[in-house]
Amino acid sequence: MTQLRYTGTAKTLHWTAAVLIVCGFSLGLFMTGLEISPDKLRLYAWHKWIGITVFLIAIARVAWRATHPAPPPLPSKPDWQKRASRAAHWFLLALMVIIPISGWIYSSATGVSVVYLGIIPLPDLVPKDRESAKALLILHKTLNYTLAAVVTVHVAAALKHHFVDHDGVMARMLPGR
Ligand code: HEM
(Lines give C-alpha, C1' and ligand atoms only; values in the text may rest on other atoms or scores of the structure.)
Protein backbone atom coordinates (compact mmCIF):
# COMPACT_ATOMS: atom_id res chain seq x y z
CA MET A 1 0.00 0.00 0.00
CA THR A 2 1.32 3.50 -0.79
CA GLN A 3 2.23 5.43 2.34
CA LEU A 4 0.42 8.79 2.35
CA ARG A 5 2.14 10.29 5.40
CA TYR A 6 5.66 10.17 6.76
CA THR A 7 6.20 7.48 9.39
CA GLY A 8 6.56 8.47 13.07
CA THR A 9 10.30 7.68 12.86
CA ALA A 10 10.76 9.90 9.77
CA LYS A 11 8.91 12.76 11.53
CA THR A 12 10.97 12.37 14.71
CA LEU A 13 14.23 12.41 12.73
CA HIS A 14 13.03 15.42 10.68
CA TRP A 15 11.94 17.61 13.60
CA THR A 16 14.87 16.66 15.85
CA ALA A 17 17.27 17.55 13.03
CA ALA A 18 15.39 20.82 12.35
CA VAL A 19 15.65 21.94 16.00
CA LEU A 20 19.31 20.90 16.25
CA ILE A 21 20.23 22.66 12.98
CA VAL A 22 18.61 25.92 14.12
CA CYS A 23 20.34 25.66 17.55
CA GLY A 24 23.72 24.62 16.03
CA PHE A 25 23.59 27.38 13.41
CA SER A 26 22.65 30.13 15.91
CA LEU A 27 25.24 28.87 18.39
CA GLY A 28 27.88 28.87 15.63
CA LEU A 29 27.17 32.55 14.87
CA PHE A 30 27.00 33.49 18.57
CA MET A 31 30.05 31.63 19.91
CA THR A 32 32.53 32.93 17.32
CA GLY A 33 31.94 36.54 18.47
CA LEU A 34 32.76 35.84 22.15
CA GLU A 35 36.01 36.74 23.91
CA ILE A 36 38.13 33.67 24.65
CA SER A 37 36.93 32.18 27.98
CA PRO A 38 35.97 28.79 29.48
CA ASP A 39 32.34 29.55 28.48
CA LYS A 40 33.38 30.08 24.86
CA LEU A 41 35.21 26.74 24.83
CA ARG A 42 32.16 25.01 26.37
CA LEU A 43 29.89 26.50 23.65
CA TYR A 44 32.34 25.33 20.95
CA ALA A 45 32.12 21.81 22.38
CA TRP A 46 28.30 21.91 22.44
CA HIS A 47 28.29 23.24 18.86
CA LYS A 48 30.41 20.27 17.76
CA TRP A 49 28.23 17.75 19.62
CA ILE A 50 25.08 19.21 18.06
CA GLY A 51 26.71 19.05 14.61
CA ILE A 52 27.86 15.44 15.02
CA THR A 53 24.34 14.52 16.19
CA VAL A 54 22.90 16.12 13.03
CA PHE A 55 25.36 14.00 11.03
CA LEU A 56 24.20 10.81 12.80
CA ILE A 57 20.55 11.74 12.22
CA ALA A 58 21.26 12.27 8.51
CA ILE A 59 22.80 8.77 8.30
CA ALA A 60 19.81 7.29 10.17
CA ARG A 61 17.46 9.21 7.85
CA VAL A 62 19.09 7.76 4.72
CA ALA A 63 18.94 4.23 6.20
CA TRP A 64 15.27 4.67 7.17
CA ARG A 65 14.44 6.13 3.78
CA ALA A 66 15.98 3.07 2.05
CA THR A 67 13.36 0.83 3.65
CA HIS A 68 10.49 3.33 4.10
CA PRO A 69 10.00 5.46 0.96
CA ALA A 70 8.69 9.01 1.37
CA PRO A 71 5.03 9.57 0.46
CA PRO A 72 4.77 10.33 -3.29
CA PRO A 73 4.32 13.94 -4.48
CA LEU A 74 0.74 15.01 -5.16
CA PRO A 75 -0.13 14.00 -8.76
CA SER A 76 -1.78 17.41 -9.29
CA LYS A 77 1.55 19.25 -8.89
CA PRO A 78 3.53 20.30 -12.00
CA ASP A 79 6.59 18.19 -12.85
CA TRP A 80 9.05 21.02 -12.19
CA GLN A 81 7.72 21.31 -8.62
CA LYS A 82 8.07 17.58 -8.00
CA ARG A 83 11.64 17.64 -9.34
CA ALA A 84 12.53 20.79 -7.38
CA SER A 85 11.21 19.43 -4.08
CA ARG A 86 13.00 16.07 -4.55
CA ALA A 87 16.26 17.90 -5.40
CA ALA A 88 15.91 20.25 -2.41
CA HIS A 89 15.29 17.33 0.00
CA TRP A 90 18.36 15.40 -1.19
CA PHE A 91 20.46 18.57 -1.17
CA LEU A 92 19.43 19.30 2.44
CA LEU A 93 20.31 15.74 3.44
CA ALA A 94 23.68 16.04 1.67
CA LEU A 95 24.40 19.31 3.53
CA MET A 96 23.51 17.59 6.84
CA VAL A 97 26.33 15.14 6.10
CA ILE A 98 28.88 17.48 4.49
CA ILE A 99 28.61 20.43 6.93
CA PRO A 100 29.41 18.43 10.09
CA ILE A 101 32.29 16.70 8.27
CA SER A 102 33.63 20.11 7.15
CA GLY A 103 33.46 21.31 10.78
CA TRP A 104 35.14 18.13 12.01
CA ILE A 105 37.96 18.41 9.43
CA TYR A 106 38.35 22.11 10.28
CA SER A 107 38.61 21.27 13.98
CA SER A 108 41.28 18.63 13.23
CA ALA A 109 43.23 21.14 11.08
CA THR A 110 43.27 23.61 14.00
CA GLY A 111 44.74 20.84 16.18
CA VAL A 112 41.63 20.48 18.38
CA SER A 113 40.36 16.89 18.52
CA VAL A 114 36.61 16.36 18.82
CA VAL A 115 35.35 14.38 21.84
CA TYR A 116 31.68 13.62 21.13
CA LEU A 117 29.53 14.41 24.20
CA GLY A 118 32.79 14.70 26.14
CA ILE A 119 32.97 10.87 26.15
CA ILE A 120 33.79 9.49 22.70
CA PRO A 121 37.07 10.71 21.15
CA LEU A 122 36.73 11.03 17.36
CA PRO A 123 39.80 10.53 15.17
CA ASP A 124 41.51 13.58 13.67
CA LEU A 125 40.64 13.61 9.97
CA VAL A 126 43.64 15.69 8.86
CA PRO A 127 46.93 16.77 10.50
CA LYS A 128 47.17 20.20 12.14
CA ASP A 129 47.87 22.81 9.47
CA ARG A 130 47.18 26.54 9.69
CA GLU A 131 46.73 27.14 5.93
CA SER A 132 44.26 24.29 5.42
CA ALA A 133 42.41 25.40 8.57
CA LYS A 134 41.84 28.84 6.99
CA ALA A 135 40.44 27.30 3.80
CA LEU A 136 38.30 24.80 5.73
CA LEU A 137 36.76 27.56 7.84
CA ILE A 138 35.74 29.40 4.66
CA LEU A 139 34.26 26.11 3.37
CA HIS A 140 32.35 25.49 6.65
CA LYS A 141 30.91 29.03 6.55
CA THR A 142 30.02 28.92 2.84
CA LEU A 143 28.25 25.57 3.22
CA ASN A 144 26.34 26.99 6.19
CA TYR A 145 25.13 30.05 4.29
CA THR A 146 24.07 27.73 1.46
CA LEU A 147 22.17 25.64 4.05
CA ALA A 148 20.48 28.78 5.40
CA ALA A 149 19.32 29.71 1.87
CA VAL A 150 17.99 26.21 1.07
CA VAL A 151 16.25 25.92 4.45
CA THR A 152 14.57 29.30 3.85
CA VAL A 153 13.19 28.11 0.49
CA HIS A 154 12.19 24.75 2.04
CA VAL A 155 10.25 26.44 4.89
CA ALA A 156 8.65 28.97 2.51
CA ALA A 157 7.49 26.14 0.21
CA ALA A 158 6.06 24.16 3.16
CA LEU A 159 4.18 27.23 4.44
CA LYS A 160 2.82 27.97 0.95
CA HIS A 161 1.50 24.38 0.70
CA HIS A 162 -0.17 24.78 4.08
CA PHE A 163 -1.59 28.29 4.04
CA VAL A 164 -2.02 29.11 0.33
CA ASP A 165 -2.58 25.78 -1.47
CA HIS A 166 -4.24 23.97 1.48
CA ASP A 167 -3.08 20.70 -0.12
CA GLY A 168 -2.04 18.73 2.97
CA VAL A 169 1.61 18.38 1.90
CA MET A 170 2.95 19.99 5.09
CA ALA A 171 0.47 18.07 7.25
CA ARG A 172 2.15 14.81 6.12
CA MET A 173 5.24 15.84 8.13
CA LEU A 174 3.45 17.38 11.13
CA PRO A 175 3.36 15.48 14.44
CA GLY A 176 0.15 13.61 15.22
CA ARG A 177 -2.16 11.60 13.01
C1 HEM B 1 24.69 20.85 10.94
C2 HEM B 1 25.81 21.05 11.61
C3 HEM B 1 26.50 22.38 11.77
C4 HEM B 1 26.03 23.66 11.56
C5 HEM B 1 24.63 24.09 11.10
C6 HEM B 1 27.13 24.56 11.84
C7 HEM B 1 27.07 25.95 11.75
C8 HEM B 1 28.09 26.83 12.02
C9 HEM B 1 28.03 28.25 11.89
C10 HEM B 1 26.82 29.06 11.38
C11 HEM B 1 29.23 28.76 12.28
C12 HEM B 1 29.63 30.23 12.31
C13 HEM B 1 30.20 30.60 10.97
C14 HEM B 1 30.51 32.10 10.90
O15 HEM B 1 31.26 32.59 11.75
O16 HEM B 1 29.99 32.75 9.97
C17 HEM B 1 30.07 27.64 12.68
C18 HEM B 1 31.36 27.75 13.15
C19 HEM B 1 32.12 26.67 13.61
N20 HEM B 1 31.80 25.33 13.50
FE21 HEM B 1 30.06 24.58 12.84
N22 HEM B 1 28.24 23.83 12.22
C23 HEM B 1 27.89 22.50 12.21
C24 HEM B 1 28.71 21.42 12.54
C25 HEM B 1 29.96 21.52 13.08
C26 HEM B 1 30.78 20.40 13.54
C27 HEM B 1 30.34 18.93 13.51
C28 HEM B 1 31.96 20.91 13.98
C29 HEM B 1 33.15 20.21 14.54
C30 HEM B 1 33.18 18.95 14.90
C31 HEM B 1 31.89 22.35 13.80
C32 HEM B 1 32.90 23.22 14.15
C33 HEM B 1 32.83 24.59 14.07
C34 HEM B 1 33.83 25.49 14.58
C35 HEM B 1 35.12 25.08 15.31
C36 HEM B 1 33.39 26.79 14.29
C37 HEM B 1 34.06 28.10 14.70
C38 HEM B 1 34.88 28.67 13.60
C39 HEM B 1 35.59 29.92 14.14
O40 HEM B 1 36.19 29.82 15.20
O41 HEM B 1 35.50 30.95 13.46
N42 HEM B 1 30.69 22.68 13.25
N43 HEM B 1 29.37 26.48 12.47
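Every number for a ligand or one of its atoms is a count from 1 in the order of the listing.
Taking atom 40 (O) of ligand 1 as the reference point, the nearest protein heavy-atom neighbour is Tyr44 OH, 2.8 Å. Atom 10 (C) of ligand 1 has as its closest protein heavy atom Phe25 O, 3.5 Å. Of the protein's non-hydrogen atoms, the one nearest atom 41 (O) of ligand 1 is Thr32 CG2, 3.4 Å. From the protein, the heavy atom lying nearest to atom 36 (C) of ligand 1 is Met31 CE, 3.5 Å. Among all non-hydrogen protein atoms, the one lying nearest atom 15 (O) of ligand 1 is Lys141 CE, 3.4 Å. Scanning the protein heavy atoms around atom 1 (C) of ligand 1, the nearest turns out to be Val54 CG1, 3.7 Å.
Nearest approach of Lys128 to Thr110, heavy atoms of both residues: CE-O, 3.8 Å. Pairing each heavy atom of Met96 with each of Ile57, the nearest pair is CE-CG2, 4.4 Å.
Close approach of ligand 1 to Ile52 is summarised as follows: ligand atoms under 4.0 Å from at least one heavy atom of the residue are 27 (C). The contact set between ligand 1 and Val114, taken as ligand atoms under 4.0 Å from a residue heavy atom, comprises 30 (C).
Under 4.0 angstrom from ligand 1, the non-hydrogen atoms of Leu137 all belong to its side chain.
If you chain together hydrophobic residues whose side chains sit under 4.5 Å apart, Trp104 and Leu56 fall into the same group.
His14 and His154 have tilted rings, their planes meeting at an angle from 30° to 60° on a 0 to 90° scale.
Judged as a side-chain hydrogen bond (donor to acceptor under 3.5 Å, both in side chains), and not counting sequence neighbours, Ser108 has no contacts. Evaluation of the side chain to side chain contact (heavy atoms under 4.5 Å, CB included) rule for Tyr6 yields Ala10, Lys11, Arg61, Ala70, Pro71, Arg172, Met173 as partners, not counting sequence neighbours. Residues passing the side-chain hydrogen bond (donor to acceptor under 3.5 Å, both in side chains) test with Lys77, sequence neighbours excluded: Asp167.
Here's the thing with Tyr145: one of its N/O atoms is less than 3.5 angstrom from an N/O atom of ligand 1.
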Next on the checklist: The test is side-chain contact (heavy atoms from CB on, under 4.5 Å); show your working for Leu174 and Trp15 and say whether it passes.
Outcome noted: CA-CA 9 Å; Leu174 291 179; Trp15 290 109; 4.1 Å; yes
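The environment of Lys82 atom NZ is dense: over 12 non-hydrogen atoms of other residues, nucleotides or ligands sit within 6.0 angstrom.
Looking at Thr53, Leu122, Val112 one by one, the single match for side-chain contact (heavy atoms from CB on, under 4.5 Å) with Lys48 turns out to be Val112. Test Thr7, Thr12, Thr9 against Trp64 for side-chain hydrogen bond (donor to acceptor under 3.5 Å, both in side chains) and you get one pass: Thr7.
Take atom 21 (Fe) of ligand 1 and draw a sphere of radius 2.8 Å; the protein N/O/S atoms inside it number 2.
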